[in-house]
Chemist: 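Pasting a structure below so you can have a look.
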Amino acid sequence: MTSIRVSLGYELEVRGRSREVERRAFANVMEQVVLADRLGYDTAWFVEHHFTRGFSHSSAPDLVLAGISQRTERIRLGLGVVLLPFQSPIRTAERVATLDVISGGRVEFGTGRGASPLEYQAFQRPFEQSRSLWEESLEAVLAIWNADGEPVTRSGRYFEIPDVAVYPRPAQEPHPPVWVASTSLDGYLAAAKQGYNLLGMTMLKGLDDVAGDIAAYKRCLAENGFDPESRRIALMIPWYVAPTQQEAVDTAADPVLWYLRRQINLVAPPDYTDARHATHRVLGQQAAGMPPDEAMRTLRDETMVVIDDVEGSRKAVERIAAAGATDLILQAQVGGLAHERVCASMELFMREVAP
């Protein structure tokens with residue numbers, strides 16, 4: 001098998017309206033990451049979303065990871081991602097550094113600008129300026145960390161740092177690894193120009209198209225003086241493995257389709273007509289509108305999801321590595337899938353599938 005790091009990714013979906021269902025969803029995720037720590041998963045990644053009832057209740061991933069840090073020993077803690085435009089870079093630097101300190105230097109710092117116009121409206125930020133907001137904030141956060149506790153003064157278009165020393169400093173020197181999340185080629189190239197690691201997904205475009213974007217990312221790294229082999233490329237994919245393919249489909253098809261329909265609307269709401277977003281969701285939207293059986297065939301054929309037995313999962317890992325990924329992020333807890341099923345799939349994957 002091809003060598004590839006295997007991690008977990010969480011949206012923190014909640015299928016139900018009661019507070020108890022919500023509380024249990026958080027408790028289950030905590031238990032799963034403790035199990036992942038024992039099984040040898042590399043990183044537990046948590047998204048940041050706001051106002052997405054049901055689909056994602058992960059509005060404060062740093063707090064969830066802080067709790068996990070005290071119950072685990074070795075698994076790394078992935079912020080996947082911090083939505084930088086929505087708060088001062090001072091607060092971002094402080095909170096991420098604090099998590100790094102209390103976890104013993106286990107943080108992976110994923111960054112992004114978000115894809116939801118509603119979030120920008122609620123946080124009173126201009127959606128059309130999301131890229132420049134993200135760029136300025138990330139530059140400021142890294143300047144704070146690279147200052148190593150010395151005062152920083154910056155005056156930007158969106159953020160001010162008025163000659164202050166920011167603490168604590170991260171445990172990792174000079175700071176945690178930086179990742180950029182994107183679903184577009186433009187985003188991949190923006191990450192490459194700065195030499196950042198890449199967080200991607202296959203849910204919207206399919207693996208073949210993503211492989212082309214990865215190749216372009218690597219070329220851009222080289223053109224900007226970075227060694228492509230030194231950068232990590234992670235793909236997050238809904239994944240369920242069972243002893244037989246039929247059992248996998250019977251168990252996971254409904255939760256995955258529930259998740260997909262909400263993911264498509266989150267990334268590009270139906271009433272939002274930006275051409276770049278529209279082209280990026282063609283495959284996913286087509287599958288979301290198909291009858292369930294046809295949708296699952298499309299999703300699996302394009303490696304947008306993996307719902308399979310051990311052998312099928314091994315082949316999928318090989319395809320993902322061949323596409324250029326160095327890291328695989330399994331969305332094992334997806335769409336309200338039962339906790340016991342998630343844990344069984346996690347264990348089977350590490351025992352029979354993982355390289």
Side-chain angles (χ1 to χ4, degrees), residues 3-10 33-34 36-37 40-48 58 60-84 87-112 134-152 154 161 164-182 191-200 221 225-234 236 325-329:
S3 178
I4 193 169
R5 296 179 183 89
V6 182
S7 299
L8 295 175
Y10 287 97
V33 180
V34 170
D37 189 45
Y41 284 87
D42 185 84
T43 304
W45 291 93
F46 282 77
V47 306
E48 178 187 339
S58 184
D62 57 337
L63 293 181
V64 176
L65 289 169
I68 287 170
S69 75
Q70 303 306 296
R71 298 178 60 182
T72 56
E73 296 180 359
R74 47 149 300 280
I75 195 167
R76 294 188 64 79
L77 309 174
L79 291 158
V81 298
V82 179
L83 298 180
L84 297 180
Q87 68 177 353
S88 163
I90 296 173
R91 288 299 285 146
T92 299
E94 290 173 334
R95 294 179 72 91
V96 176
T98 298
L99 179 59
D100 203 44
V101 169
I102 67 172
S103 68
R106 288 190 276 154
V107 169
E108 299 284 334
F109 179 47
T111 75
W134 164 72
E135 290 173 345
E136 183 179 314
S137 180
L138 181 53
E139 288 172 3
V141 170
L142 296 180
I144 290 169
W145 287 339
N146 288 323
D148 197 25
E150 294 299 315
V152 175
R154 292 177 69 90
I161 304 178
V164 291
V166 180
Y167 294 98
R169 292 166 291 180
Q172 299 176 81
E173 296 184 29
H175 53 72
V178 178
W179 299 71
V180 172
S182 182
K193 289 174 183 176
Q194 301 299 321
Y196 298 138
N197 300 305
L198 183 64
L199 288 168
L221 281 171
F226 302 105
D227 177 8
E229 299 306 313
S230 68
R231 298 306 189 264
R232 291 169 64 181
I233 302 163
M236 187 162 77
T326 62
D327 292 65
L328 169 60
I329 304 175

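Position 1 is the first residue of the sequence; numbering continues from there. Quick caveat, the model's predicted, so the values are computed rather than measured.
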Chemist: When you look at V178 and N197, which way does the side chain to side chain contact (heavy atoms under 4.5 Å, CB included) test go after all the steps?
Modeler: CA-CA 6 Å; V178 178; N197 300 305; 5.8 Å; no

Chemist: How long is the gap from CG on L77 to OG on S69, to the nearest 0.5 Å?
Modeler: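 Interatomic distance, L77 CG to S69 OG, rounded to 0.5 Å: 6.0 Å.
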
Chemist: Suppose we screen for ring-ring contact (aromatic ring centres under 6.0 Å, His included). Which residues come up paired with W145, at least two apart in sequence or across chains?
Modeler: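 Result, ring-ring contact (aromatic ring centres under 6.0 Å, His included) vs W145: F109, H175.
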
Chemist: What distance do I90 atom CD1 and R95 atom CZ have between them, rounded to the nearest 0.5 Å?
Modeler: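 That separation rounds to 14.0 Å.
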
Chemist: Return the minimal non-hydrogen interatomic distance between A97 and P168, and the atom names on each side.
Modeler: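 That would be CB-O, 3.2 Å.
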
Chemist: Over all heavy atoms of both residues, which pair between I102 and A66 is shortest? Give the atoms and the distance, please.
Modeler: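 Result for this residue pair: CD1-CB, 3.9 Å.
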
Chemist: Where do L65 and V33 land on the side chain to side chain contact (heavy atoms under 4.5 Å, CB included) test, with the steps shown first?
Modeler: CA-CA 10 Å; L65 289 169; V33 180; over 6 Å; no

Chemist: Assess whether atom CD of Q70 is packed by more than 12 heavy atoms of other residues, nucleotides or ligands within 6.0 Å.
Modeler: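 For Q70, atom CD is crowded (more than 12 foreign heavy atoms under 6.0 Å).
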
Chemist: Over all heavy atoms of both residues, which pair between A143 and V152 is shortest? Give the atoms and the distance, please.
Modeler: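 Looks like O-CG2, 4.1 Å.
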
Chemist: Quick one: do L84 and T92 satisfy side chain to side chain contact (heavy atoms under 4.5 Å, CB included)? Show the steps, please.
Modeler: CA-CA 7 Å; L84 297 180; T92 299; 3.7 Å; yes

Chemist: Tell me, do I329 and L8 make a side-chain contact under 4.5 Å, heavy atoms counted?
Modeler: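 Sidechains of L8 and I329: no contact.
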
Chemist: Between D42 and V6, is there a donor-acceptor pair closer than 3.5 Å when you use the side chain of the first and the backbone of the second?
Modeler: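 No: the side chain of D42 does not pair with the backbone of V6.
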
Chemist: P228 and L221: which non-hydrogen atoms are nearest, and at how many Å?
Modeler: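 The pair with the smallest heavy-atom distance is CA-CD1, 3.8 Å.
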
Chemist: Going from CG on D327 to CZ on R232, what distance comes out if it is rounded to the nearest 0.5 angstrom?
Modeler: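 Output value for this atom pair is 4.0 Å.
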
Chemist: Show every salt bridge (charged side-chain N to carboxylate O under 4.0 Å, His left out) that has at least one partner inside residues 63-80, sequence neighbours left out.
Modeler: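 Those involving residues 63-80 are D37-R74, R76-E108.
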
Chemist: Where the side chain of T111 meets the backbone of W179, is there a donor-acceptor pair that is under 3.5 Å apart?
Modeler: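 At least one qualifying donor-acceptor pair exists.
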
Chemist: Using 4.0 Å as the upper bound for N to carboxylate O, is an ion pair formed by R154 and E139?
Modeler: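 Judged by the 4.0 Å cut-off on N to carboxylate O distance, E139 and R154 do form a salt bridge.
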
Chemist: How long is the straight-line distance from CZ of F226 back to CD of Q194, given to the nearest 0.5 Å?
Modeler: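 Those atoms lie 6.5 Å apart.
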
Chemist: Going from OG on S103 to CD1 on I68, what distance comes out if it is rounded to the nearest 0.5 angstrom?
Modeler: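 Taking OG in S103 and CD1 in I68, the distance rounds to 11.5 Å.
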
Chemist: I need the I144 CD1 to E94 CD distance, nearest 0.5 Å.
Modeler: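 The distance works out to 7.5 Å.
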
Chemist: So do the side chains of L199 and W45 get within less than 4.5 Å of each other, counting heavy atoms only?
Modeler: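 Heavy-atom side-chain distance check passes, below 4.5 Å.
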
Chemist: Distance-only, no hydrogens or angles: does the R231 side chain make a donor-acceptor pair with backbone N or O of Y196 under 3.5 Å?
Modeler: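 No, R231 side chain to Y196 backbone: no donor-acceptor pair under 3.5 Å.
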
Chemist: Determine yes or no for a side-chain-to-main-chain donor-acceptor pair under 3.5 angstrom, with S137 supplying the side chain and W134 the backbone.
Modeler: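 Between the backbone of W134 and the side chain of S137 there is no qualifying donor-acceptor contact (under 3.5 Å).
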
Chemist: Quick one: which of D100, T72, T43 gives a side chain to side chain donor-acceptor pair (under 3.5 Å) with R106?
Modeler: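 Among the candidates, only T72 passes.
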
Chemist: Please report the closest heavy-atom contact between I4 and A325, naming both atoms and the distance.
Modeler: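 Answer, listing the atom of I4 first, then A325: CD1-O, 3.9 Å.
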
Chemist: Does V82 offer a backbone N or O that forms a donor-acceptor pair with the side chain of E48 under 3.5 Å?
Modeler: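 Answer holds: no.
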
Chemist: Evaluate side chain to side chain contact (heavy atoms under 4.5 Å, CB included) for L79 paired with D62, printing each intermediate quantity in order.
Modeler: CA-CA 7 Å; L79 291 158; D62 57 337; 4.1 Å; yes

Chemist: Just jot down the ring-ring contact (aromatic ring centres under 6.0 Å, His included) partners of Y10, sequence neighbours excluded, or say none.
Modeler: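 Y10 satisfies ring-ring contact (aromatic ring centres under 6.0 Å, His included) with F46 only.
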
